[in-house]
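Okay, so here's the structure we're looking at.
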Amino acid sequence: MKLRKREIVKFIRRLYEERGYLKIKRQTHTSHQGQELRFSTTSQSEANSLKKAMKALGFKSGKPFEKHSRIIIPYYGAEQVLNFFKLINPCQKRGRRETVNGRREEGFSHFPSSIFR
C-alpha cells in the first residue's frame, strides 16, 4: 500500500515529537561542526518503517546504531536538518514551567528556524 506524502509527514512528525532530537556539534579544532537529526526506535520493524518513510521524502540516513537497547537512526548535515524542519514543522518541548497556581505544565513551541541562519 502506497502512502500519500501527507500521511508520511504525519507519521514522521509523530515519531520525532515522541523520540526524536536534534544534536548540534560545536566546532573545535579536533572535530567537525555539524547538525545531526536522530530518531530513537524501539524495534527493527519501526526502524525500517522510519527509514522507508524518510527515504520517500528524499532524506538519506547514516548508519544505524544501538544505544541503551534502542536503535538510533541518524541523519547528518545542516541541509538535511533544515529541509526536515521546513517539511515536517514539528513542535518541540521547551521543558516544564511554573503556572500562576503553582502547578507545572509542559511547554511546546515550533522549532526556531533562525538557528540555521
Side-chain angles (χ1 to χ4, degrees):
M1 183 170 121
K2 190 171 182 179
L3 294 174
R4 290 188 215 156
K5 184 177 178 178
R6 181 177 51 195
E7 293 167 335
I8 293 172
V9 167
K10 196 184 241 185
F11 167 73
I12 292 172
R13 182 182 297 128
R14 182 184 57 78
L15 252 169
Y16 178 77
E17 289 174 354
E18 288 176 4
R19 295 186 304 268
Y21 59 96
L22 174 66
K23 185 174 183 177
I24 299 175
K25 299 175 187 175
R26 281 196 233 160
Q27 184 176 12
T28 64
H29 67 281
T30 58
S31 68
H32 300 283
Q33 179 185 17
Q35 289 82 23
E36 178 182 344
L37 186 64
R38 287 185 175 182
F39 287 91
S40 173
T41 59
T42 55
S43 67
Q44 189 63 48
S45 63
E46 187 179 48
N48 291 339
S49 297
L50 173 68
K51 284 170 58 173
K52 285 179 185 175
M54 290 289 279
K55 189 173 184 176
L57 295 177
F59 294 96
K60 184 180 179 194
S61 70
K63 184 179 178 183
F65 59 93
E66 282 194 36
K67 184 176 183 178
H68 304 291
S69 74
R70 293 192 176 240
I71 301 167
I72 308 295
I73 303 172
Y75 291 86
Y76 299 107
E79 188 176 329
Q80 280 202 112
V81 171
L82 184 58
N83 289 338
F84 174 81
F85 285 108
K86 283 181 181 178
L87 180 66
I88 303 299
N89 194 20
C91 288
Q92 184 179 21
K93 289 184 182 182
R94 279 192 269 170
R96 293 182 176 213
R97 57 186 170 150
E98 293 284 332
T99 59
V100 177
N101 60 6
R103 288 191 296 167
R104 292 177 171 237
E105 65 180 36
E106 295 290 329
F108 292 90
S109 71
H110 289 286
F111 186 83
S113 59
S114 60
I115 195 167
F116 296 104
R117 289 184 191 167

field: Within residues 42-52 or reaching into it, pairs that qualify as side-chain hydrogen bond (donor to acceptor under 3.5 Å, both in side chains) - sequence neighbours excluded
entry: Arg19-Glu46, Thr42-Glu46, Ser43-Ser45, Gln44-Asn48
task: Return the set of residues passing ring pair (Phe, Tyr, Trp, His ring centres under 6.0 Å) with Phe59 (not counting sequence neighbours), or none when no residue passes.
output: none
Distance in Å, Gln35 CD paired with Phe84 CZ, rounded so as to fall on 0.5 Å steps: 14.0 Å
task: Please write out which residues are connected to Ile72 in a hydrophobic cluster, directly or through intermediates, given that two of Ile, Leu, Val, Met, Phe, Trp, Tyr count as joined at side-chain heavy-atom separations below 4.5 angstrom.
output: Phe65
query: Can you find a heavy atom in the side chain of Leu22 that is under 4.5 Å from one in the side chain of Tyr16?
result: yes
field: Distance, nearest 0.5 Å, that separates CE of Met54 from CG of Leu15
entry: 10.0 Å
- request: Tell me, please, which residues at least two apart from Lys5 pass side-chain contact (heavy atoms from CB on, under 4.5 Å).
  value: Val9, Leu57, Leu87
- prompt: How many angstroms lie between CD1 in Ile8 and CD1 in Ile88, if you round to the nearest 0.5 Å?
  reply: 9.5 Å
- request: Supply the members, apart from Tyr76, of the Ile/Leu/Val/Met/Phe/Trp/Tyr cluster built from side-chain contacts under 4.5 Å; use none for a lone residue.
  value: none
- line: Those residues at least two apart in sequence (or on a different chain) that pass side-chain contact (heavy atoms from CB on, under 4.5 Å) with Lys60 are Gln80
- request: Tell me whether Tyr75 is reachable from Ile24 by hopping between hydrophobic residues (I, L, V, M, F, W, Y) whose side-chain heavy atoms are closer than 4.5 Å.
  value: yes
- prompt: Got a sec, which residues hit side-chain contact (heavy atoms from CB on, under 4.5 Å) with Arg14, two or more places apart in sequence or on another chain?
  reply: Phe11, Glu18
